[in-house]
Amino acid sequence: MNLSEFRTAHSILMEHYQFIEMHLEGIYAALSGKGIYEGLKEVERYNISKIIIMIQKQEKRKNKRVILDSEYEDLKSIYQRRNFWTHSCYTNMVFDRKTGGPKKETDIRQLYQDTREAEQMRDLLFEKKNKLIKIIRGNHTF
């Protein structure tokens with residue numbers, strides 16, 4: 001993997017992370033009872049861990065489980081990996097002087113594994129968010 005390929009793969013991973021955060025914001029907005037716009041406005045400046053806590057509080061308040069415990073564990077792991085790829089991968093990884101890409105094969109494998117996991121979570125949260133929004137549009141209650 002050369003530097004250009006690494007940057008492309010890294011960018012794809014970051015896209016998945018951004019959509020995960022956006023879908024979590026949408027889930028919170030749907031659960032909040034404040035309307036989608038107001039709910040999104042409320043969480044627009046919060047980080048992903050704060051949004052997760054807010055969703056959990058809404059789930060308890062409404063007695064409605066949207067995200068399973070195992071999915072919360074996966075989100076925690078994804079959040080930790082996100083912090084690495086966002087804040088320190090360029091300074092903590094060893095890069096090959098010839099190719100410019102990651103020198104360690106384990107780093108490359110981790111990048112692809114994290115991308116697969118993030119994509120799966122992105123798809124799962126998209127479905128959960130859409131289901132909640134359909135319930136709201138259908139004027140059903142939780």
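Linking ILVMFWY residues whenever their side-chain heavy atoms come closer than 4.5 Å, directly or via other members, leaves Leu111 and Ile12 in distinct clusters. Linking ILVMFWY side-chain heavy atoms closer than 4.5 Å, directly or via other members, places Leu68 and Met121 in two distinct hydrophobic clusters. Met22 and Ile53 fall into different hydrophobic clusters, where Ile, Leu, Val, Met, Phe, Trp and Tyr residues are linked whenever their side-chain heavy atoms come under 4.5 Å apart, directly or through other members. Cluster annotation: Ile20 is connected to Tyr46 through the hydrophobic network of ILVMFWY side chains, with a link wherever side-chain heavy atoms come within less than 4.5 Å. Hydrophobic clustering (ILVMFWY, side-chain heavy atoms < 4.5 Å, transitive): Met14 and Tyr79 are in one cluster.
Here the straight-line distance linking atom NZ of Lys57 with atom NZ of Lys62 works out to 15.5 Å at 0.5 Å rounding. Between Leu132 atom CG and Leu31 atom CG the span is 5.0 Å, to the nearest 0.5 Å. For the atom pair CZ of Arg82 and OG of Ser49, the computed distance is 9.0 Å after rounding to the nearest 0.5 Å. How far NZ of Lys131 is from NZ of Lys134: 10.5 Å, rounded to the nearest 0.5 Å.
Counting heavy atoms from C-beta on, the side chains of Lys64 and Glu59 never come closer than 4.5 Å. Side-chain contact check for Val66 versus Ile27: some heavy-atom pair is nearer than 4.5 Å. Side-chain contact check for Met93 versus Trp85: some heavy-atom pair is nearer than 4.5 Å. Between Lys50 and Asn47 the shortest side-chain heavy-atom distance falls below 4.5 Å. Between Glu21 and Glu25 there is a side-chain heavy-atom pair separated by less than 4.5 Å. Within the 4.5 Å cutoff, side-chain heavy atoms of Arg81 are placed close to those of Gln110. Between His23 and Arg122, the closest side-chain pair of non-hydrogen atoms falls below 4.5 Å. Using a 4.5 Å heavy-atom cutoff, the side chains of Lys129 and Ile133 are in contact.
Taking all atoms of both residues into account, the shortest heavy-atom contact from Leu13 to Ala118 is CD1-CB, 3.9 Å. Taking each heavy atom of Pro102 and Met1 in turn, the nearest pair found is CD-SD, 4.0 Å.
Of the residues Asp74, Leu124, Leu125, Ile52, the one that meets the side-chain contact (heavy atoms from CB on, under 4.5 Å) test with Ile67 is Leu125. Checking Ile48, Asp114, Thr115 one by one against Tyr17, the side-chain contact (heavy atoms from CB on, under 4.5 Å) holds for a single residue, Asp114.
With 3.5 Å as the limit, one finds a donor-acceptor pair spanning the side chains of Glu42 and Tyr28. Ser4 and Asn2 form no side-chain donor-acceptor contact under 3.5 Å, judged by distance and modelled atom types alone.
Residue Asn92 places its CG atom among more than 12 non-hydrogen atoms of other residues, nucleotides or ligands, all under 6.0 Å distant.
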* To do: Might you work through the side chain to side chain contact (heavy atoms under 4.5 Å, CB included) test for Glu38 and Ser32, ending with a clear yes or no?
  => CA-CA 9 Å; Glu38 289 300 320; Ser32 72; over 6 Å; no

* Asked: Can you check side chain to side chain donor-acceptor pair (under 3.5 Å) on Gln113 and Arg116, steps first, answer last?
  -> CA-CA 5 Å; Gln113 177 182 332; Arg116 282 188 302 277; 5.2 Å; no

* Asked: Going through the checks in order, is the side chain to side chain contact (heavy atoms under 4.5 Å, CB included) test met by Ser11 and Phe6?
  -> CA-CA 8 Å; Ser11 180; Phe6 171 76; over 6 Å; no

* **Derivation and outcome, side chain to side chain contact (heavy atoms under 4.5 Å, CB included), residues Leu75 and Leu24** => CA-CA 10 Å; Leu75 276 169; Leu24 286 169; 4.1 Å; yes

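No salt bridge links Asp107 with Lys103; every basic N to acidic carboxylate O contact stays at or beyond 4.0 Å. Taking 4.0 Å as the cut-off between side-chain N and carboxylate O, Glu71 and Lys128 count as a salt-bridged pair.
In this structure, the side chain of Thr86 does not engage the main chain of Asn83 through any donor-acceptor pair within 3.5 Å.
Tyr90 and Phe95 have parallel rings, their planes meeting at less than 30° on a 0 to 90° scale where 60° marks the start of perpendicular.
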